[in-house]
Protein chains: 2
Amino acid sequence: METITIKDIAKALHLSTSTVSRALRNSYEINPETKRLVTEYAQKMQYRPNPIALSLRESRSKSIGVIIPEIANNFFSQLINGIESVAYDLGYYVVIFQSHESYEREVAHTNFLVSRKVDGLLISLSSLTTNLLHFQELMTKGLPIVFMDRVPNEIATHKVVADNFEGSYGATQHLIRAGRRRIAHLTSPIYLSITTERLAGYRKALEDHGIAFDEKYVRYFAHGGKDEGENRDGIRALMQLPEPPDAIFSASDRLSTGCLAVLQNEKVKVPEQVALVGFTNSGVADLFNPPLTTVVQPAMEMGQQAMNLLIRLIEHPQAQNNFETMAFKTSLNVRESSAGA
Amino acid sequence: METITIKDIAKALHLSTSTVSRALRNSYEINPETKRLVTEYAQKMQYRPNPIALSLRESRSKSIGVIIPEIANNFFSQLINGIESVAYDLGYYVVIFQSHESYEREVAHTNFLVSRKVDGLLISLSSLTTNLLHFQELMTKGLPIVFMDRVPNEIATHKVVADNFEGSYGATQHLIRAGRRRIAHLTSPIYLSITTERLAGYRKALEDHGIAFDEKYVRYFAHGGKDEGENRDGIRALMQLPEPPDAIFSASDRLSTGCLAVLQNEKVKVPEQVALVGFTNSGVADLFNPPLTTVVQPAMEMGQQAMNLLIRLIEHPQAQNNFETMAFKTSLNVRESSAGA
DNA sequence: CTGAAAGCGCTAACAC
DNA sequence: GTGTTAGCGCTTTCAG
């Protein structure tokens, strides 16, 4: 593993390391001829600056940490695609960790990344995170953080989200226009920003169309759809109401697919008996039985934007006053699962 | 960002940096009392060793690079889960890059990771990689590499794969036992290890059951199922043969879902007209129309094993003679798409 | 038992 | 236009 250093070049060319360093960085005070010599030799020897030495000197690592709930979810993997594409162009390292919806893991991963001196953090909160101290401390220490999708109200920084209210409003309205009146809403724990926003959009759509909001049609899933037992029990309970819903609007990926699975098992006819619309970025929603009407978030663009904002924060630490929350439009893909009654 | 260093501790306690360093590493030659003082103060001040300084000294980064075709694929995201779980326990950083099935990106990402001084590499080859020079050079330089899933024959190192032959044999046999005789095989470019192995299993199963292998029933997809046009054309061509297949066995995730999509569009009845079995780790195969019979790889375990082997290579660079290729059993999940004729 | 000094690779004052 | 030196944070000889 004989990697060549600036020292080696200096020795070979009978120069000092500083001259070599300056020549390589194309400093104006170096003789063009020397420059040529140095760069040519460096080229020939395949010199690559040691990023670790650079990091130590500049006390920045040119790496950023990403903590998301899970990778095995199209929304998040597309988000990562976006992050990565920007990061790679800018020479940044991206280190990804999954919280698996655990507050403890989120904290542990955060600490690990910080101890490893990442230049910034990209976060999508776990569904069980209610205490934000670990992030607040870092913010006050000056570590750049950008939140994505699941964002905290209490922290002032850049945030990148989907327009959840609109997306939710549109989905609910679509169900109403398809003739549905008793529309249930499956969602994640209430402390998540996406939960309240999507709930608000759902509620407003009902009101605007003269349908009374009914709390019993809203169900919160502590595990966000990852616990099959919880899914089954929750949906059964809905269907056993005196006036069971004639439509379900689910607010997250796992809930959307989980709900369809339960309805299939319970032999509930979709869309005849219950229409279904769900948030999901799954690429195979059209293969489902029936094809699933989806609310899709522009995950890739969101990831790119988040990374851009983070870079801005990292490279201009001073101008940290006016933080933006960027909201991206969702799109509604109408398929058979929400066909008219 | 006032991070505390060994120097700060030394100053505060009127000791030398070397004493502090030794105390923290619990060296036997340090006075227990001094040790206590130092560790307590370090604790109180939340001292964390600077990993970058350590890396510079030890010329290793405690980070490993992963290059996979794409993240938005359950097999690979589960693989990453496995890698990550082991890495985190051992304090390693995992840096992930996607080749998006491009040879050029694979090379570029490899170079980037190497220039960033990763301690080792975990690779799953892009479907377009035929030239392995970039990896061979690194191997001779002593960089530990472990290949996963899509592995090269030409390079001697640890490899972690699924038992593709068996998995493929089982799937094909299952179709034969369901009464199918004209079984087509959709697969990736032939230079991938998984392609030849799965093809071999398919072929052997046909032979063992007295069915002649017929080249016209095998179709190679240059884009591995990611190009919808290519999928449609390939499958149409199959279905327009004088004797169209009565079953299709697809060898990759994208081809499995892509194939089902095309068959649905073309109004081909599954399984009545054509039975379908596919390799995929999708978690929603049972929601498909019809529910899809799948060959599933133990991706998580494969990732864990790959990481363990890589660590072994990194931490014991000498014993690099007897390389293992570990093959994991696949499992067949029988669902409606492959029901008897 | 503890301290001084060197060095990992690089850059930036500060000389000359 | 080029060299010398110091320092980023840490460990490890080598001296006491």
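Numbered from 1 within each chain, the chains take letters A, B, ... in sequence-line order.
At a threshold of 4.0 Å, the pair A:E70-A:K226 counts as salt-bridged, since one of the basic side-chain nitrogens sits closer than that to a carboxylate oxygen.
Regarding B:N50, its CG atom lies at a distance of 6 Å from the C1' atom of D:dG9, rounded to whole Å. We find that NZ of A:K7 is positioned 16 Å from P of D:dG3, with the value rounded to whole Å. Across the protein-nucleic acid pair, B:N26 atom CG and D:dT11 atom P stand 13 Å apart, rounded to whole Å. Atom C1' of nucleotide C:dG9 and atom CD of B:E58 are separated by 15 Å, given to the nearest angstrom. One interatomic measurement links the two molecules: NZ of B:K62 to P of D:dC10, which rounds to 17 Å at whole-angstrom precision. The separation between A:R60 atom CZ and C:dC10 atom P is 16 Å, rounded to whole Å. Distance A:K11 NZ to D:dG3 P: 15 Å, rounded to the nearest Å. Here D:dT2 presents its P atom at 15 Å from CD1 of A:I9, a figure rounded to the nearest Å.
Of the possible polar contacts, one joining the A:S77 side chain to the A:N73 backbone as a donor-acceptor pair under 3.5 Å is found.
Using a 4.0 Å heavy-atom distance criterion, B:L56 is classed as a base contact. If you check every strand for non-hydrogen atoms under 4.0 Å, B:P32 touches sugar and phosphate atoms only. If you check every strand for non-hydrogen atoms under 4.0 Å, A:I52 touches nothing.
One N or O donor and one acceptor, one from the side chain of B:S18 and one from the base of C:dA4, sit under 3.5 Å apart. With hydrogens and angles ignored, no donor-acceptor pair closer than 3.5 Å exists between the side chain of A:R57 and the base of D:dG9. With hydrogens and angles left out, the side chain of B:T34 and the base of C:dT2 share no donor-acceptor pair within 3.5 Å. On a pure distance criterion of 3.5 Å, a polar donor-acceptor pair joins the side chain of A:R22 and the base of D:dG3.
For an aromatic pair to be called close, the ring centres must be under 6.0 Å apart, and B:Y41 with B:Y47 fails this. Within the 6.0 Å centre-distance limit, the rings of A:Y88 and B:H109 are counted as a close aromatic pair.
Judged by the 6.0 Å and 45° rule, A:R116 forms a cation-pi pair with B:Y93.
Each of D:dT11, C:dC1, D:dG3 was ranked by its minimum atom distance to the side chain of B:E29; first place goes to C:dC1. Nearest to the side-chain atoms of A:Y47 among the listed nucleotides D:dT11, C:dG3, C:dC10 stands C:dC10. The side chain of A:S16 lies closest to D:dT4 when the candidates are D:dC10, C:dT2, D:dT4. Distance from the side chain of B:L54 is smallest to D:dT11 among D:dT11, C:dT2, D:dT2.
The side chain of A:Y28 places no N or O atom within less than 4.0 Å of a non-bridging phosphate oxygen (OP1 or OP2) of D:dT2. Not one side-chain nitrogen or oxygen of B:S59 sits closer than 4.0 Å to the OP1 or OP2 atom of C:dC8.
In this structure, A:I67 and A:L122 have side chains that are not in contact, with every pair of non-hydrogen atoms separated by 4.5 Å or more.
Judged by closest nucleotide on DNA chain D, A:H14 is the one of B:L24 and A:H14 placed further toward the 5' end.
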